[in-house]
Amino acid sequence: TDDLRRIRSECEAAEEGISYARRLLQGRLDILRAALDQSEHPDAGQLLAALPAIMADQGHVSDPAQARSLRVRVPADAERYAAVIDAVITEDEVPEGTDSDLSDLERVVGVLTQVEHELSARRRALFARIDGLRAELLARYKDGRADVRDLL
Amino acid sequence: TEREVAQLWGEYADGRDVAVRERLIIHYAPLVKYVAGRVAVGMPAHVEHSDLVSYGIFGLMDAIEKFEPGRGFKFETYAVARIRGAIIDELRSVDWVPRSVRTRSRKVEAAMQELESALKRSPTEEELAEELGWSLEELQDTLARMSMTSIAALDEVLDVGDGDRITLVDTLQDLTVSLPEETLDDSETKRLLRATLTRLTEREQTVLGLYYFEGMTLAQIGDVLGVTESRICQIHTKAVLSLRTKLGE
Ligand SMILES: Nc1nc2c(ncn2[C@@H]2O[C@@H]3COP(=O)(O)O[C@H]4[C@@H](O)[C@H](n5cnc6c(=O)[nH]c(N)nc65)O[C@@H]4COP(=O)(O)O[C@H]3[C@H]2O)c(=O)[nH]1
Ligand SMILES: Nc1nc2c(ncn2[C@@H]2O[C@@H]3COP(=O)(O)O[C@H]4[C@@H](O)[C@H](n5cnc6c(=O)[nH]c(N)nc65)O[C@@H]4COP(=O)(O)O[C@H]3[C@H]2O)c(=O)[nH]1
């Protein structure tokens with residue numbers, strides 16, 4: 001059982017890094033899409049006012065029974081993902097309004113959307129693994145092979 | 001773009017220009033998405049997610065204002081703490097816990113402390129209900145409404161005397177993510193927390209252990225113990241209260 005917990009903790013540490021990078025990337029992507037929508041006269045002030053709406057999750061559902069204990073911090077390996085994403089964005093995000101900038105913005109949005117899908121796929125794979133390990137642990141707690149006492 | 005961000009900070013340090021500040025806010029806004037998404041977990045349904053995001057953006061603006069570049073700290077680390085703090089402070093000021101639950105929860109906590117010092121152990125639910133003059137159902141209903149599964153509910157500061165601000169939620173969650181080998185170099189707070197946990201009832205230890213050590217949801221814990229989720233929610237709330245009372249001694 002200790003091995004099971006160790007593997008699960010390692011997967012969770014990796015998942016924490018991926019989920020952090022994914023959420024930052026989603027935020028970045030949604031801001032760039034909003035900037036594209038304002039293509040005639042993109043304006044930082046207008047974007048700023050729209051930030052709460054852009055950053056919020058659509059259709060957010062919070063069910064306390066499905067809540068799990070979560071850390072809210074910058075994960076240890078956050079830098080690794082930041083470097084990958086930075087390599088994609090080669091110039092300034094808030095467009096100055098000329099056509100050449102706009103097509104470049106569309107290119108960046110296209111590439112970032114792809115990176116976001118890849119991150120989400122890796123995250124889903126990690127969830128499957130973590131939830132599988134947790135289901136096995138859950139079964140051991142139910143039949144007494146695992147006990148909270150050995151954690152305390 | 002790392003270089004451009006450093007340049008923005010340089011420009012902002014020079015002139016505190018509003019246009020530069022706006023671009024810093026737009027650049028770091030995704031941090032608010034991350035923090036607001038996680039603080040929202042476990043919150044009662046009536047708390048609007050978009051409000052948490054708005055509070056978070058104020059926290060980000062405050063972090064940009066106060067951050068001192070060049071001192072060797074990562075802005076993201078500082079900003080995430082300030083965004084989370086701003087959301088929780090703002091929730092408290094708008095009374096996110098309904099007043100009726102707040103007054104009843106204060107009575108439960110006071111009765112808990114009273115009985116704890118009289119009995120020298122955690123009271124049972126029956127003893128707690130009797131002290132309050134409530135029925136057992138009334139007590140369980142209040143415990144369920146006090147839902148302590150969200151970070152905001154547990155962001156209570158623990159004064160353990162070593163100076164820095166430690167919250168119950170940080171301490172409990174520290175227990176979750178650390179790998180078994182890492183627990184050797186526990187801080188005093190963690191050691192105290194572990195010693196206190198072993199003084200709770202067996203069922204409370206199980207619920208806290210499965211929630212914070214094993215990262216399970218209340219629904220999964222209900223499955224292990226063969227009881228409903230709302231019952232687990234009540235046991236979890238009473239266990240956290242009991243822990244808080246003991247740690248406050
Ligand atoms: N409660 C909960 N449900 C979750 C979570 N992660 C994934 N899901 C669920 O699983 C679906 C697929 O997620 P995905 O593969 O990451 O695929 C996602 C992801 O690639 C992307 N996405 C999700 N949120 C955002 C966002 O805020 N901005 C951007 N730009 N993309 C997003 O869009 C895809 C579809 O998203 P949805 O329609 O929301 O559909 C999501 C959602 O219903 C989670 O942490 N909590
Ligand atoms: N083992 C396991 N862990 C899981 C699973 N789903 C989510 N998690 C983890 O649990 C955290 C909280 O999930 P949530 O309560 O659904 O809360 C989520 C959810 O409300 C929202 N969210 C994130 N991605 C999506 C999405 O694609 N669609 C929707 N609709 N909401 C999302 O943002 C919140 C925070 O997301 P994160 O920071 O990524 O943090 C997530 C993620 O680290 C799962 O199936 N198995």
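We name chains A, B, ... by the order of the sequence lines, and we start the count at 1 in each one. What you see below is based on every heavy atom in this structure, not just the backbone, and it leaves out hydrogens, waters and symmetry mates.
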Legend entry - Region of A:Gln58 that comes under 4.5 Å of a non-hydrogen atom in chain B: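 It is neither, since no heavy atom gets under 4.5 Å.
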Legend entry - Heavy-atom proximity to chain B below 4.5 Å, by part of A:Leu51: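 Both backbone and side chain.
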Could you look at [X] and say if it's the side chain, the backbone, both or neither that has a heavy atom under 4.5 Å from chain A?
X: B:Ala36; result: neither
X: B:Leu31; result: both
X: B:Glu202; result: both

Legend entry - Option in B:Ile221, B:Leu52, B:Val18, B:Ile57 with maximal non-hydrogen atom pairs under 4.5 Å from chain A: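 Highest number of pairs under 4.5 Å: B:Ile57.
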Inset, instruction - Determine the option with the most heavy-atom pairs under 4.5 angstrom with chain A, choosing from B:Ile83, B:Val32, B:Asp51, B:Asp223. - result: B:Asp223
Legend entry - Any donor-acceptor pair under 3.5 Å from A:Arg28 side chain to B:His27 backbone: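 Side chain of A:Arg28 to backbone of B:His27, a donor-acceptor pair under 3.5 Å: yes, one is there.
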Can you give me the closest heavy-atom contact between [X] and [Y], atom names plus distance?
X: A:Val148; Y: B:Gly209; answer: CG1-CA, 3.7 Å
X: A:Ser19; Y: B:Arg38; answer: CB-NH2, 4.0 Å
X: A:Pro52; Y: B:Val53; answer: O-CG1, 3.6 Å
X: A:Leu24; Y: B:Pro30; answer: O-CB, 3.3 Å

If you round to the nearest 0.5 Å, how far is [atom2] of [Y] from [atom1] of [X]?
X: B:Tyr34; Y: A:Arg22; atom1: OH; atom2: CZ; answer: 12.0 Å
X: B:Lys33; Y: A:Asp57; atom1: NZ; atom2: CG; answer: 4.0 Å
X: A:Glu79; Y: B:Glu76; atom1: CD; atom2: CD; answer: 7.5 Å
X: B:Glu229; Y: A:Gln66; atom1: CD; atom2: CD; answer: 6.5 Å
X: A:Ser69; Y: B:Leu208; atom1: OG; atom2: CG; answer: 10.5 Å
X: A:Met55; Y: B:His49; atom1: CE; atom2: NE2; answer: 10.0 Å

Would you indicate whether [X], at its atom [atom1], is surrounded by more than 12 heavy atoms from other residues, nucleotides or ligands within a distance under 6.0 Å?
X: A:Arg145; atom1: CZ; answer: yes
X: A:Arg129; atom1: CZ; answer: no
X: A:Arg123; atom1: CZ; answer: yes

Legend entry - Residues B:Glu214, A:Arg8; criterion side chain to side chain contact (heavy atoms under 4.5 Å, CB included); working and verdict: CA-CA 9 Å; B:Glu214 297 289 14; A:Arg8 191 213 61 221; 2.4 Å; yes
Inset, instruction - Quick one: do B:Gln205 and A:Arg149 satisfy side chain to side chain contact (heavy atoms under 4.5 Å, CB included)? Show the steps, please. - result: CA-CA 8 Å; B:Gln205 287 187 44; A:Arg149 296 309 172 92; 3.6 Å; yes
Inset, instruction - Answer whether the closest heavy-atom distance between the side chains of B:Arg84 and A:Arg73 falls below 4.5 Å. - result: no
I'd like a table of donor-acceptor pairs (distance under 3.5 Å, sequence neighbours excluded) in which one partner is a side-chain atom from residues 58-65 of chain B, with atom names and distances.
| residue | atom | partner | partner atom | Å |
| --- | --- | --- | --- | --- |
| B:Asp62 | OD1 | B:Lys66 | NZ | 2.6 |
| B:Asp62 | OD2 | B:Arg82 | NE | 3.3 |
| B:Asp62 | OD2 | B:Arg82 | NH2 | 2.5 |
| B:Glu65 | OE1 | B:Tyr12 | OH | 3.0 |
| B:Glu65 | OE1 | B:Arg21 | NE | 3.3 |

Legend entry - Interface residues of residues 134-143 of chain A facing chain B - non-hydrogen atoms under 4.5 Å apart: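 Answer by number: A:Arg134, A:Leu137, A:Leu138, A:Tyr141, A:Lys142.
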